[in-house]
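This report concerns only the one structure given below.
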Amino acid sequence: MNNSNKKQLFIFNTLSGKKEAFVPINNDMVGMYVCGPTLYSEPHMGNMRTFINFDLIYRYLLHSGYEVKYVRNITDAGHITNSAGEQEDSIGKAARMEQVQPLEIVYRYNLKFQELNRTYNLLPPSIEPTATGHIQEQIEIIEKIIENGFAYVKNGSVYFDVKSYMQSYDYGELSGRKVDELENETRALNAQEEKRFFADFALWKKAQDNDMQIWRSPWGEGNPGWHIECTAMSTKYLGKTFDIHGGGLDLKFPHHEDEIAQSCGATGQSPANFWMHANMLNVNGKKMSKSLGNFFLPKEIVEGTSKLFSKAYSPQVIRFFMMQSHYRSTLDLTEEALNAAEKGFERLTDSISLLENVPVSDDSSFSIPLCIQGFYDAMNDDFNAPILIANLFDAVKKINLIKDNKEAINAGDKDFLLSEMKCFVHDVLGLKHNSDSNDDRLSPVMDLVLELRQKARFNKDWDTSDLIRDGLKNAGIEVKDGKESTGWK
RNA sequence: GGUCUCGUGGCCGAGUGGCUUAGGCACCGGUCUGCAAAACCGGUUACAGCGGUUCGAAUCCGCUCGAGACCUCCA
C-alpha cells in the first residue's frame, strides 16, 4: 500500500449520527463484527447487498494498511420467527417442515451461502462463528448479567431487565427510541406475562414441546435468545469493546440496541465504538423481502432464471451496480439500471486494458497524483464508492484521450496510474477482470476466422465478411472493427 | 397510530449554502468505418410544491403533497 495517500478516514457512526474520524483502539489493528445471515433459507439478493457492502469496507480497511480481524457470525439457533401468534425458532421450523435435522438445514444453506460469497467475490472473514458453537459462552454472559442485576429468571426463562438497566444506562441510545413511547405502541403485541416490563427481552427461553434444538443451562433446558449470540461471540473474539460493529439497517432495533444493553449489562462496557448500518435493497421502490414476494435469489440473476429480468447479468456487473450507490442509501434495482451498469463496467475495465498498451511520452499533460488522490479522498469519506467510481471514470476519459494523442502520460505516471486503478477496481471494489472469460482454445480459432474476414474485406467481398460477422453474432460473439485491428468478445 | 428517513434531469445515482457541466446509462450531434456495430469526442434535460431565513439554497427552517423504513421475524 501507499502510505503517502493515507489520509484520515471518516466513518459515519450511527451511534452519534455523525461522521467521525476513525481511530482504532489498537494502533493499526481493527476489530470488526458484522451480523451474518440466519440460515433457515437461501439468502436473497437483499441479504447479499449488506455483505457486499461490508466486504467493500473490509477491503478498504485492508488496503489502508490495517490489520483487520473480521468476524461475521452465522445464526443457527435462537432466531425466533413469529407466525400466527406462535413464536418458534426459525431453523427448527424449517427443519420440521423439511423433516430433517436443524443442523442439516444450516449446513445446506451455508453451503449455498459460501458459494455465493465466492460468486460475488467476497473475501472470507477472519472467522465465521456459529451460535450453536457458543452456547457455553452465551450462558456465561447471561449469568454475568443476572449477577449484575440486569436480568431475572422466570419459569426457566431469563429476561433482560430493561427498567433496572435504565437506572444506569441509556436504553435506546442507538435507535433513538424512548421506552415510554414504545410502551404505548407495542403493548398489544406482547402476550408475554412472564416479563416484568413490556420492553424486557429474552436472554434464554425455556424449552417448549416442539423445540428441535435444546441445551442444558443453569435454568433448565432451553435455548438462547437471538441477541445474546452476537454479544457472546463478539466479546469472545474481539474483546469487551472493539472498533466497528456492522449489520443491516433493519437490525438497528431491537437487535443492536439489545446487544449494547447486554454488553453494558455484562461487562459495563459498550461493545463497539463505531456502529455502521448498510441500507436496504429495493425492488420496485420497496424493500426486498420474502413476505412481499419481490425478492430474487442471487444465483437466479447470474443464471438468467429470474422472472424479473430478461437476461443474465454477471456477478461483477451486479457488484459494480451496487458499488455505484452509497452503502447508507437505499438502492433501487431495475433492469434498466442493471443494463446501464453493464455498459459502464465494461468501459471501465476496457480502459484498464487500454492503459497497459498506451504509448508514453516524456511528460504527463495532467497530474496523475491528483487524479489518484481523488480515489483515496472518496473512500476516506465514509467509503464513498460512487464518488470513487466517478473519479475512476475521469481517469477513463483521460486514458482514452491519451490514446488519441490529446493527452500524454510519462512512463512512471503510467505505471503509477495503472497499479492504482487496478488496485481500486480489483482489490477495493472487488471487481474481477472481465476479459478472463474468453476460452483459451477459442482464441486461436477466432484469430483465424477474423483473418479470413479481413481477407474478404480487403478484396471488397462484403457478402463474405458480413456472413462471418452475422454468423458470429448468432453464436453470441460480437466483432469489433477498429482502425488497425479487429477485436471480439 | 408513534419514531425516523427520503423526494435530484428519460433511468440509476452522488452532492448540504455561492463553478461539481458529479458519474454511469439512454438520447442527439460528430469522428472513425465498405455498411453497420463497437470505440472515442462533444451536447441537451434537474434539484416534489408553496412560503421563509440569507447578499446568495437542490443544500437551512416551516407547511403541503408523495414515497419508504422501524416499532421485538427481517441483511
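Every chain is numbered from 1 and lettered A, B, ... according to where its sequence line falls, protein lines coming before strand lines.
- With A75(B), G34(B), C12(B) as the choices, the nucleotide that has an atom nearest any side-chain atom of Ser465(A) turns out to be G34(B).
- Side-chain nitrogen and oxygen atoms of Arg347(A) include at least one within less than 4.0 Å of the OP1 or OP2 phosphate oxygen of C40(B).
- A distance-only check finds a donor-acceptor pair linking the side chain of Gln138(A) to the backbone of Ala131(A) [under 3.5 Å].
- Note on Ala337(A): only backbone sugar-phosphate atoms sit closer than 4.0 angstrom, heavy atoms only; bases stay farther off.
- Residue contacts for Glu478(A): at a heavy-atom cut-off of 4.0 Å it reaches the sugar-phosphate backbone alone, with no base atom in range.
- Distance from the side chain of Phe393(A) is smallest to G23(B) among A22(B), G23(B), A75(B).
- In a base pair of the Watson-Crick type (N1 to N3 plus N6-O4 or O6-N4) or a G-U wobble (N1-O2 and O6-N3), with each distance short of 3.5 Å, A69(B) is matched with U3(B).
- Across all strands shown, C28(B) forms a Watson-Crick or G-U wobble pair, both distances under 3.5 Å, with G42(B).
- Between U72(B), G13(B), A75(B), one nucleotide has an atom nearer to the side chain of Phe198(A) than all others, and that is U72(B).
- With G15(B), C35(B), C12(B) as the choices, the nucleotide that has an atom nearest any side-chain atom of Arg453(A) turns out to be C35(B).
- Val479(A) comes within 4.0 angstrom of a base, heavy atoms only.
- As judged by a 4.0 angstrom heavy-atom cut-off over every strand, Asn400(A) is placed among residues touching the sugar-phosphate backbone only.
- Leu333(A) comes within 4.0 angstrom of nothing in the nucleic acid, heavy atoms only.
- Side-chain N/O atoms of Ser329(A) and base N/O atoms of G13(B) include no donor-acceptor pair closer than 3.5 Å.
- The aromatic rings of Phe150(A) and Phe160(A) lie parallel to each other, their planes meeting at an angle below 30°, with 60° marking the opposite boundary.
- With A69(B), U72(B), G15(B) as the choices, the nucleotide that has an atom nearest any side-chain atom of Lys287(A) turns out to be A69(B).
- Within 4.0 Å of Ser289(A), counting heavy atoms only, lies no atom of the nucleic acid at all.
- When distances are taken from the side chain of Lys343(A) to each of C12(B), C41(B), C25(B), the shortest belongs to C25(B).
- Comparing A75(B), G24(B), G13(B) against the side chain of Ala340(A) picks out G24(B) as the nearest.
- Look at Asn279(A) and you won't find any side-chain N or O under 4.0 angstrom from OP1 or OP2 of C6(B).
- The CD-C1' distance, from Glu407(A) to C40(B), rounds to 14 Å in whole Å.
- Residue contacts for Lys403(A): at a heavy-atom cut-off of 4.0 Å it reaches the sugar-phosphate backbone alone, with no base atom in range.
- As judged by a 4.0 angstrom heavy-atom cut-off over every strand, Met288(A) is placed among the base-contacting residues.
- Side-chain N/O atoms of Asp461(A) and base N/O atoms of G34(B) include no donor-acceptor pair closer than 3.5 Å.
- If you run side-chain contact (heavy atoms from CB on, under 4.5 Å) between Phe424(A) and each of Leu388(A), Asn391(A), Ile389(A), only Leu388(A) comes through.
- Using a 4.0 Å cut-off between a side-chain N of Lys or Arg and a carboxylate O of Asp or Glu, Lys205(A) and Asp211(A) do not qualify as a salt bridge.
- Residue Asp481(A) places a side-chain atom within donor-acceptor reach of the base of A36(B), judged by atom type and a 3.5 Å distance cut-off alone.
- Rounded to whole Å, the separation between the P atoms of C47(B) and G10(B) comes to 10 Å.
- Annotation: of the two residues near RNA chain B, Ala278(A) and Asn339(A), the 5′-most nearest-nucleotide partner is Asn339(A).
- Distance from the side chain of Glu336(A) is smallest to C11(B) among A75(B), C11(B), U72(B).
- In this structure, of A14(B), C12(B), A26(B), it is A14(B) that holds the atom nearest to the side chain of His326(A).
- Here Leu401(A) lies in heavy-atom contact (under 4.0 Å) with sugar-phosphate atoms only.
- At the phosphate of G42(B), OP1 or OP2 sits under 4.0 Å from a side-chain N or O atom of Lys397(A).
- For a distance-only test at 3.5 Å, the side chain of Arg469(A) fails to qualify as a donor-acceptor partner of the base of A37(B).
- In this model, no side-chain donor or acceptor of Arg177(A) finds a partner on the base of C4(B) within 3.5 Å.
- Nucleotide G68(B) holds its P atom 22 Å from the NE2 atom of His277(A), rounded to whole Å.
- Across all strands shown, Gly247(A) has heavy atoms under 4.0 Å from sugar-phosphate atoms exclusively, and none from any base.
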